[in-house]
Amino acid sequence: MSEGWPRGEEDVDLAGHAPDGGAHVEPDNQPDNHRAGQVGWLMYEWANQPYFSLITIFLFANYFANVFYPGDEATGQAYWGYTQAIAGVVIALMSPVLGAMADAAGPRKPFIALFLVGVSLACIGLWSAVPGGAVLPVMALIILASISAEFVTTFANAMLPTIATERRMALLSGAGFGIAQVAGIVALALVLFAFQLPGNVAADFIPDAPLLGLDRAAYEDERIVGPLAGLWFLIFMLPLFLLTPDQPKSGLGRVAAARQGIRQLGVTFRRLRHFRNIALYLIARMLYYDGCAAVFMFGGIIAGALFGWGALELAVFGIVVTLFSALGGFLGGVVDARMGSKPTIVSALMVVILTTLALVSVDQDTMFFVMEITPRAEGAAPFSSTGEIAFLTVACLFGLGVGPVIASSRTMLARLAPREMMAEFFGLYALAGKATTFLAPLTIGIVTQATGNQRLGLSIVLIFLVAGLALMLFVREERSRAVHA
């Protein structure tokens, strides 16, 4: 334990035991276990992941950069990076104010409803992204969708402490991660079997043409992912509104709630100076998380440009990589329980860094920068060339590494934060995750446009990953003691 910090309540481990080995008794003010409410909250995890899988990671991002944007592929990637950077700046500026306002005012559902409508309508509007159409309105829709989806996640996560005890929260968080991965796979599989395989693969269980009579010549089979993501989000969020209890109103108006919430946020930041170890961890996590997210966000774009992958290949790519990410999260949980969170994160980050370096080394005719390979022949089957196989293999290993990084990062904070200040520090954790989300996409966009090289643009994320790993080495895995304002 760090010397010189004020003494608080006795530490307890993640299993809920006191330092002397005795059972820890949950305080009387812990929330009850609302079973129906927990089901509704888990359905929110099912609702939101397809937006990221279909729009920002695997399918629409590639369509925007390599098909829709009227220019070369590198410029298309750069402008996709700019849309995400603009959204990240808005999120970073708005999240402290909105989060503080919601904490002070009480209910989260009004905020969730507002941003849910925003993300759903924006996604449905992406149907208008016809090749040769106006770019700025589509960019505006992407920015609106990104901002709204992020705030739906923020306020839905804030509901978790109202429906479960601390130990139950950990179980629900882990289950939610798994459910989200399954939802992403199901959504990608739906796109694959309903719109991409028909007409391309002959089988008894596959229709002869894309469902809904979609016209491939107008890229309707790729643009459909926007409306699909929007409707999925809207429909599967309903259980949260119907089943999950909300916080009661505090009686404060919006302006008063904002003022009080921001004052409390200031108190939290002032307290942080007493928790240097946690502050170091939050900075490290902020850097490596930005890097991991950027590889996911731009990996599919690069694959589409290098190998001519369309929605069919990218849907398969997304399903396989997501499966490996889920497997990595599961294995990481086992390792975390035995070795601790820090060794798990550090080891997984090394895998992420090596596989990211390997990803940017693969081209149509080279791999590992210097090894010459045979390019994909024109008209060849998908995933038939050495470069494609290498890229897919390395991406799967990246997913295997990033799963533990994401899953163990939340556990790491739970091991570091004082038990009686857990909610306060998870609020900072959420804020730190948003504060620099614009940096990696913005940097990738600038480097890609300046060099005209998509792989070189993506390689810049290695700086974020290595810096996060370097700081993580100095973090001590020990619980801090509470300090009060």
Side-chain angles (χ1 to χ4, degrees), residues 38-62 84 87 91 112 115-116 118-120 122-124 126 142 145-160 172-192 194 224-241 244 289 292-297 299-300 311 314-330 332-333 395 398-399 402-407 409-410 430 433-434 437:
Q38 291 169 11
V39 171
W41 187 86
L42 288 173
M43 286 303 296
Y44 132 75
E45 292 276 27
W46 178 272
N48 81 330
Q49 180 59 38
Y51 163 77
F52 298 100
S53 296
L54 298 178
I55 304 300
T56 64
I57 300 177
F58 295 115
L59 299 183
F60 195 85
N62 172 72
Q84 298 304 311
I91 290 166
I112 294 174
F115 291 111
L116 176 61
V119 66
S120 297
C123 285
I124 293 171
L126 293 178
I142 295 167
S146 298
I147 294 169
S148 300
E150 188 62 50
F151 286 133
V152 168
T153 300
T154 298
F155 291 114
N157 283 341
M159 296 180 73
L160 189 54
L172 286 172
S173 180
F177 178 81
I179 287 172
Q181 303 311 301
V182 173
I185 292 170
V186 170
L188 288 166
L190 176 60
V191 171
L192 183 66
I224 191 64
V225 299
L228 177 61
L231 292 174
W232 184 296
F233 218 144
L234 194 62
I235 292 169
F236 288 111
M237 282 293 289
L238 292 178
L240 181 134
F241 287 99
T244 307
Y289 187 84
C292 290
V295 175
F296 264 123
M297 189 181 300
L314 285 168
V316 174
F317 175 74
I319 290 170
V320 175
V321 172
T322 304
L323 280 171
F324 273 85
S325 178
L327 176 61
F330 172 76
F398 171 82
V402 85
V405 171
I406 295 173
S409 290
R410 287 187 288 194
K434 298 173 180 63
T437 52

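All values below come from the heavy atoms of this structure, side chains included, with hydrogens, waters and symmetry mates left out. These figures come from a predicted structure and were not determined experimentally.
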Discussion item. Could you check whether Tyr51 and Ser148, counting side-chain N and O atoms only, form a donor-acceptor pair closer than 3.5 Å?
Written reply: no

Worksheet item: What is the distance from atom CD1 of Ile319 to atom CD1 of Ile185, rounded to the nearest 0.5 Å?
Response: 7.5 Å

Practice prompt. Work out which heavy atom in Ala229 is nearest to a heavy atom in Ile55; give both atom names and the distance.
Written response: CB-CG1, 3.9 Å

Worksheet entry | Considering all heavy atoms, the nearest Val402-Ser325 contact | CG1-OG, 3.9 Å

Practice prompt. Could you tell me the separation between the CG atom of Leu116 and the CG atom of Leu234, rounded to the nearest 0.5 Å?
Written response: 5.0 Å

Discussion item. So Phe151 and Ile112, do their side chains get closer than 4.5 Å, heavy atoms only?
Written reply: no

Response to the item:
Interatomic distance, CD1@Ile179 vs CG@Leu42, rounded to 0.5 Å, equals 4.5 Å

Practice prompt. Would you check, one step at a time, whether the test side-chain contact (heavy atoms from CB on, under 4.5 Å) holds for Thr56 with Phe296?
Written response: CA-CA 9 Å; Thr56 64; Phe296 264 123; over 6 Å; no

Discussion item. To the closest 0.5 Å, what do you measure between CZ (Phe241) and CE (Met43)?
Written reply: 13.0 Å

Worksheet item: If every non-hydrogen atom of Trp232 is compared with every non-hydrogen atom of Trp46, which pair is closest and at what distance?
Response: NE1-O, 3.0 Å

Worksheet item: Considering residues, nucleotides and ligands other than Phe52, do more than 12 of their heavy atoms fall under 6.0 Å from its CZ?
Response: yes

Worksheet item: Which heavy atom of Cys292 sits nearest a heavy atom of Phe398, and at what distance?
Response: O-CZ, 3.9 Å

Discussion item. Restricting to non-hydrogen atoms, name the atom on Gly226 and the atom on Leu126 that form the minimum distance, rounded to 0.1 Å.
Written reply: CA-CB, 4.3 Å

Discussion item. Within the structure provided, determine whether Phe236 and Asn48 are in side-chain contact (heavy-atom separation under 4.5 Å).
Written reply: no

Discussion item. Is there a side-chain contact between Ile57 and Val321 in this structure, where contact means two heavy atoms from C-beta onward sitting under 4.5 Å apart?
Written reply: no

Discussion item. Can a donor-acceptor pair be found, under 3.5 Å and without considering hydrogens, that links the side chain of Ser409 to the backbone of Val405?
Written reply: yes

Worksheet item: Quick one: are Phe58 and Val316 in side-chain contact, heavy atoms under 4.5 Å?
Response: no

Worksheet item: Closest heavy-atom contact between Val119 and Ala145?
Response: CG2-O, 3.6 Å

Item to complete: Could you grab the distance from atom CD1 of Ile147 to atom CD1 of Ile142, nearest 0.5 Å is fine?
Response: 12.0 Å

Practice prompt. Show your working on side-chain contact (heavy atoms from CB on, under 4.5 Å) between Val152 and Met237 and close with a plain yes or no.
Written response: CA-CA 10 Å; Val152 168; Met237 282 293 289; 3.8 Å; yes

Fill in: Interatomic distance, Gln49 atom CD to Leu54 atom CG [nearest 0.5 angstrom]
9.0 Å

Practice prompt. Apply ring-ring contact (aromatic ring centres under 6.0 Å, His included) to Trp41 and list each qualifying residue two or more places apart in sequence or on a separate chain.
Written response: Tyr44

